[in-house]
2 protein chains.
Amino acid sequence: MNFLDIGEVSMRSGVKPSALRYYEELGLIQSAGRSGLRRQYESGVLLRLAFINLAKSGGFSLDEIKGMFSTDGQLQIPRGRVQERVAQIDAQIEELSALRDMLSHIAVCPAPSHLQCPAFRQLLKDAVLQKKTESNS
Amino acid sequence: MNFLDIGEVSMRSGVKPSALRYYEELGLIQSAGRSGLRRQYESGVLLRLAFINLAKSGGFSLDEIKGMFSTDGQLQIPRGRVQERVAQIDAQIEELSALRDMLSHIAVCPAPSHLQCPAFRQLLKDAVLQKKTESNS
DNA sequence: CTACAACTTCAAGTCAACTTGAGGTCAATA
DNA sequence: TATTGACCTCAAGTTGACTTGAAGTTGTAG
C-alpha cells in the first residue's frame, strides 16, 4: 500500500521533516508505522497537516490545535467549545478588518499624522471597543 | 502638563511595564522624557499602543510593526507597501473564514471522521487553493 | 556488493517576545 | 526621619516552535 515516507510528506505538506518529527513528539500527528527505522505515513496525514497549517496561521498554538483532535485522532472539538472557537475567529476577523481599513485609509488620507487624524482615530477606537465588547461577552 | 508614568500607561493600554520598556528598547515607542529616573509618557502613546496591539494580534511581528512607522515616529507605511500589507491581511481573513466555516461544519456534521467528510474536505481544499493562489499572485 | 541519499536519535542551539530577579533610586507619607 | 511603593538598570531566564549537528542506520541504484 502506498505509504509515504517523511520526505514525501514534507514535500507535499510544506512542513519540514524536523517539524514533522516535532509534531509527532507533541502527539499532533503520528505515523502508521516504521519500515526499518523510517516512519511510514498514511496519506491522510496530509489532510491533517493542511488543517494544522490553517489553524496555525489562524493564530492557534500547537497545543490549542492538539485540543481540536480527540484522543483517537479524530478532528473533534468538544461540544460547546466550537462556538467559543468560532467566536474567537470572528473576533480575529473583525480586528483584521479594522487593521486593513486603517492601512487603506493611510494610503488615501493626506493628514500629516494619521494617529491624529479623526477618521483614523475613529477606526482605531471602533476596533478597541469591538475588542472590549468581545472579551466581556 | 499631564504626562503619564509607566504604571498609568500600562494600566490604560494593557501592556505590562516590562513590555513597555522592551518596546522602547526596540524603538517602537518612546517616552517624552524623564522625571528623575521615571519615564514620562505623552498621552499619544496610548493610541500608538492601541495600534501596536491591533497589528500584533493581526500576526505582525514587532519588527514589521516598527516598519509601519517612519523614523520621525509617524505612522507611515512606505508607498506601495500599503497594498502589499492590505493584501496580506485580506489573505489572512480568507484563511480565518475558511477555518471558521470548517469548525462550524464540525458542529453540525454527523460524519464520524470530519477529515473524511466530503464537505469538510472541500472547505479544506478551497482554503489551501486560496492560499496557493495568493502566494502566486 | 558497495556507495550513497535519505532516513534515524538525541542534545543543544536559535529566535521572538517578553518576564523575572537582584540590587538600587527617589518622592511622599506616617 | 524612616519606610514604603513605584519606579530604575542590567543580566539572565522562559516559552513556543522549531532547527541544527553529530553520529549512526538502511533501502536501493549502479
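Chain letters run A, B, ... following the sequence lines, proteins first and then strands; every chain starts at 1.
- Counting only heavy atoms from C-beta on, B:Ile6 has its side chain closest to D:dC8 among D:dT20, D:dA17, D:dC8.
- Contact detail for B:Ile29 and B:Arg48: the closest heavy-atom pair is CA-NE, 4.1 Å.
- Counting non-hydrogen atoms under 4.0 angstrom, A:Ser61 reaches the backbone sugars and phosphates but no base.
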Could you please spell out the steps behind the side chain to side chain contact (heavy atoms under 4.5 Å, CB included) verdict for A:Leu28 and A:Tyr22?
CA-CA 9 Å; A:Leu28 211 51; A:Tyr22 177 65; over 6 Å; no
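- If B:Tyr22 and B:Ser35 are placed on DNA chain C by their nearest nucleotide, the residue sitting closer to the 5' end is B:Tyr22.
- Of the listed nucleotides (D:dT25, D:dC18, C:dG24), C:dG24 has the atom at the smallest distance from the side chain of B:Leu37.
- As a whole-Å value, the separation of A:Arg34 CZ from C:dT9 C1' is 9 Å.
- For the pair B:Arg39 CZ and C:dC26 C1', the computed distance is 15 Å after rounding to whole Å.
- The residue A:Arg21 sits close to a base: some heavy atom pair falls under 4.0 Å.
- If you measure from atom CD of B:Glu24 to atom P of C:dT19, you get 15 Å, rounded to the nearest angstrom.
- Under the 30°/60° scheme for interplanar angles, the aromatic rings of B:Phe120 and B:His105 are found to be tilted.
- In this structure, B:Ser43 and B:Leu4 approach most closely via the heavy-atom pair CA-CD1, 3.9 Å.
- Contacts of A:Gly36 with the nucleic acid, taken as non-hydrogen atoms under 4.0 Å apart, involve only primed sugar atoms and P, OP1 or OP2.
- Atom pair B:Leu20:CG and C:dA17:C1' shows a separation of 13 Å (rounding to whole Å applied).
- We find that CD of B:Glu25 is positioned 13 Å from P of D:dC8, with the value rounded to whole Å.
- We find that CD1 of A:Ile65 is positioned 11 Å from C1' of D:dA17, with the value rounded to whole Å.
- When the nearest nucleotides of DNA chain D are assigned to A:Lys56 and B:Arg38 by heavy-atom distance, the more 5′-ward of the two goes with B:Arg38.
- Listed nucleotides C:dT19, C:dA17, C:dA6 differ in distance to B:Lys16; the shortest reach to its side chain belongs to C:dT19.
- At whole-Å resolution of the value, CG in B:Asn53 and P in C:dA17 are 13 Å apart.
- Of the charged side-chain nitrogens involved, none lies within less than 4.0 Å of a carboxylate oxygen, so that B:Arg39 and B:Asp5 do not count as a salt-bridged pair.
- Note on B:Tyr23: a side-chain N or O is less than 4.0 Å away from OP1 or OP2 of C:dC18.
- Remark: P of C:dC18 and CD1 of B:Ile29 are 11 Å apart, rounded to the nearest angstrom.
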